[in-house]
Amino acid sequence: MTRFTWWLAAALLLAACAPAAVPPPAEEPQPEINLDAVPPVDRSRHIVPLEMIIFDTFRPVDRAVPLTEIDPGLLRRLRDAIPPIYAPRFERAAAGDAWLKPHDLVLGYAGEEAAYAYPVRILNYHEMVLHDDGGRPLLATYCPLCRSGIVYDRRLAGRAGPLLFGNTSALYESDMVMFDHETGSYWMQVSGQALVGELAGARLTPLPSQTTTWRQWRAQFPDTLVLSRETGHSRNYDRDPFLGLGERLTQSGQFAFPVSEKGRDPRLDPGEIVLGVEVDGRQWAYPLGRLGDAVVHDWIGDGDSIAVVIFSAAEGPAGGAFSPSLDSRRLTFARRDGRIVDEETGSEWNLAGRAVAGELVGAQLTAFPTRSTFWFSQISAFPDLELVWPLP
């Protein structure tokens with residue numbers, strides 16, 4: 001089940017030599033999923049208006065029901081109606097080549113054990129993938145209505161053990177709302193913040209990731225693992241029903257689910273794709289489509305004290321944010337003849353911040369946590385963010 005049927009109805013109305021492959025990790029054990037054991041959300045604790053959390057009932061009538069009005073039985077039945085992948089299987093990159101097109105989008109994350117590609121064609125139908133990498137419990141998330149790909153660490157300071165997440169089938173600011181199995185609290189996908197419940201106000205830690213094309217991710221990480229279509233669910237992973245959504249949002253200015261005024265910030269079109277960079281809990285946004293194939297040096301953080309360099313690509317569009325310092329040596333980057341190079345050594349770098357040729361080959365820049373989303377979703381989640389446009 002996806003949100004496509006709802007979006008389609010709204011749209012119709014509006015239109016009246018690589019190294020040897022790394023073996024895939026052992027298949028992870030299926031966690032015990034008992035949705036009836038999830039505690040009811042504590043509605044007395046919330047940081048957003050409860051009526052702004054809207055459940056998609058997937059019914060032809062009463063399609064959108066606010067949390068303040070939903071029947072408890074329906075609320076329980078809607079848990080994981082869009083099923084997360086709790087025990088994913090991963091395959092070698094060659095398996096992905098057999099069915100992914102070069103321009104297909106993937107959410108990519110490079111971890112301690114391996115690099116992982118989560119195809120958007122799968123994420124459209126599941127929205128969350130939970131697994132571990134080198135002892136780090138991961139939550140790979142994607143909301144199709146926001147084109148928001150974000151990877152989080154599932155550990156929360158002050159709590160023993162990682163949180164297990166599911167899908168409420170609700171939306172806040174037209175963004176997916178998750179729940180944790182331990183407390184029943186509701187979480188906004190883009191911000192990673194708990195909105196309602198015992199953990200209201202807490203935030204998950206975002207990790208460096210990219211939403212990019214399969215071709216670009218494959219080139220950066222030839223040994224990447226790719227999420228298998230063997231998910232245990234019967235879905236049509238051969239199509240992306242949300243293609244062109246950003247253009248439709250920009251042309252119509254209408255959303256499938258309610259979006260407040262903060263999400264209608266006119267500085268950018270609502271469907272423009274931005275790269276959100278997080279440093280010390282503060283947010284900066286760079287419009288990837290406007291940057292195209294570019295390198296941007298900037299200063300962010302308190303008092304503009306932290307140097308950052310943005311590598312962006314028109315294909316996708318995609319990008320990453322990195323510290324330009326390497327072993328206490330400050331590097332200056334530029335685009336030359338379609339390549340990213342540093343002026344100090346002439347070494348060539350890829351979109352993942354890794355030197356692929358030249359004196360510094362094999363060196364890796366430190367990446368900042370990032371989010372790739374539509375503009376409306378990023379500004380809804382972080383109304384105090386700093387938009388970096390025009391460029392400094």
Side-chain ion pair, [X] and [Y], N-O less than 4.0 Å:
| X | Y | answer |
| --- | --- | --- |
| Asp153 | Arg136 | yes |
| Arg267 | Asp265 | yes |
| Arg215 | Glu315 | yes |
| Arg154 | Asp180 | no |

Any [X] side-chain heavy atom under 4.5 Å of [Y] side chain:
| X | Y | result |
| --- | --- | --- |
| Val120 | Asp104 | no |
| Pro84 | Leu130 | yes |
| Val65 | Asp71 | no |
| Pro258 | Ile54 | yes |
| Asp280 | Ile306 | yes |
| Leu227 | Tyr116 | no |
| Ile340 | Arg335 | yes |
| Arg76 | Val38 | no |

Check whether [X] and [Y] end up in the same hydrophobic cluster, where Ile, Leu, Val, Met, Phe, Trp and Tyr are linked by side-chain heavy atoms less than 4.5 Å apart.
| X | Y | result |
| --- | --- | --- |
| Ile273 | Trp389 | yes |
| Ile310 | Phe322 | no |
| Trp299 | Leu387 | no |
| Leu207 | Leu351 | no |
| Leu391 | Phe311 | no |

I'd like to know whether Gln189 forms a side chain to side chain donor-acceptor pair (under 3.5 Å) with Glu127, so could you lay out the CA-CA distance, the side-chain angles of the two residues, the decisive distance to 0.1 Å, and finally the verdict.
CA-CA 10 Å; Gln189 182 255 350; Glu127 301 188 344; over 6 Å; no
Distance, nearest 0.5 Å, that separates [atom1] of [X] from [atom2] of [Y]:
| X | Y | atom1 | atom2 | result |
| --- | --- | --- | --- | --- |
| Arg282 | Leu385 | CZ | CG | 10.5 Å |
| Leu291 | Leu275 | CG | CG | 8.5 Å |
| Leu163 | Arg155 | CG | CZ | 11.5 Å |
| Leu249 | Glu272 | CG | CD | 11.5 Å |
| Arg371 | Ser191 | CZ | OG | 7.0 Å |
| Thr224 | Tyr109 | OG1 | OH | 12.5 Å |

Look at the rings of His131 and Phe90 and say which category their plane angle falls in: under 30° parallel, 30 to 60° tilted, over 60° perpendicular.
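The rings of His131 and Phe90 sit tilted, inter-plane angle from 30° to 60°.
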Can you confirm whether Arg330 is buried at CZ, in the sense that more than 12 heavy atoms of other residues, nucleotides or ligands lie under 6.0 Å from that atom?
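Yes - once you tally the heavy atoms of other residues, nucleotides and ligands closer than 6.0 Å, there are more than 12.
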Please indicate whether Asp304 has more than 12 foreign heavy atoms, meaning atoms of other residues, nucleotides or ligands, lying under 6.0 Å from its CG.
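Atom CG in Asp304 is crowded, with more than 12 foreign heavy atoms closer than 6.0 Å.
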I need the minimum non-hydrogen distance between [X] and [Y], along with the two atoms involved.
| X | Y | result |
| --- | --- | --- |
| Cys146 | Ser174 | SG-O, 3.2 Å |
| Val226 | Pro119 | CG2-CG, 3.8 Å |
| Arg79 | Pro40 | NH2-CA, 4.4 Å |
| Val196 | Asp42 | CG1-O, 3.7 Å |
| Gly149 | Ser209 | O-OG, 4.1 Å |
| Phe255 | Gly263 | CZ-O, 4.5 Å |

Under 3.5 Å donor-acceptor, Ser252 side chain and Arg248 backbone
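Yes: the side chain of Ser252 pairs with the backbone of Arg248.
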Treating Gln210 as the side-chain partner and Thr370 as the backbone partner, does any N or O pair qualify as donor plus acceptor under 3.5 Å?
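Such a contact is absent between Gln210 side chain and Thr370 backbone.
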Can you list the steps and then say if Trp214 with Asp97 is a side chain to side chain contact (heavy atoms under 4.5 Å, CB included)?
CA-CA 9 Å; Trp214 172 240; Asp97 291 334; 3.0 Å; yes
Is there a side chain to side chain contact (heavy atoms under 4.5 Å, CB included) between Ser380 and Val259 once you walk through the steps?
CA-CA 8 Å; Ser380 294; Val259 171; 4.2 Å; yes
Answer with yes or no whether the side chains of [Y] and [X] bring together a donor and an acceptor at under 3.5 Å.
| X | Y | result |
| --- | --- | --- |
| Glu173 | Ser260 | yes |
| Trp99 | Asp238 | no |
| Asp342 | Thr345 | yes |
| Tyr125 | Thr231 | no |
| Thr332 | Glu343 | no |

Determine whether Leu145 and Met176 satisfy the following criterion, side chain to side chain contact (heavy atoms under 4.5 Å, CB included), listing intermediate values before the conclusion.
CA-CA 8 Å; Leu145 296 183; Met176 171 178 60; over 6 Å; no
Is the Tyr118 to His126 ring centre distance short of 6.0 Å?
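Ring centroids of Tyr118 and His126 are no less than 6.0 Å from each other.
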Trp349 and Phe333: aromatic ring centres closer than 6.0 Å?
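When the ring centroids of Trp349 and Phe333 are compared, they turn out to be within the sub-6.0 Å range.
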Given the rule in the side chain to side chain donor-acceptor pair (under 3.5 Å) test, do Asp298 and Tyr286 qualify, once you have shown the distances and angles that lead to the verdict?
CA-CA 11 Å; Asp298 200 3; Tyr286 297 81; 2.7 Å; yes
I'd like to know whether Met178 forms a side chain to side chain contact (heavy atoms under 4.5 Å, CB included) with Asn167, so could you lay out the CA-CA distance, the side-chain angles of the two residues, the decisive distance to 0.1 Å, and finally the verdict.
CA-CA 5 Å; Met178 311 177 290; Asn167 198 323; over 6 Å; no
With Phe165, which of Tyr186, Phe179, Trp187, Tyr86 fulfils ring-ring contact (aromatic ring centres under 6.0 Å, His included)?
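Testing Phe165 for a ring-ring contact (aromatic ring centres under 6.0 Å, His included) against Tyr186, Phe179, Trp187, Tyr86 leaves exactly one candidate, Trp187.
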Starting from the C-alpha separation in whole Å, work towards a yes-or-no answer on side chain to side chain donor-acceptor pair (under 3.5 Å) for Thr68 and Glu51.
CA-CA 6 Å; Thr68 50; Glu51 63 270 17; 5.3 Å; no
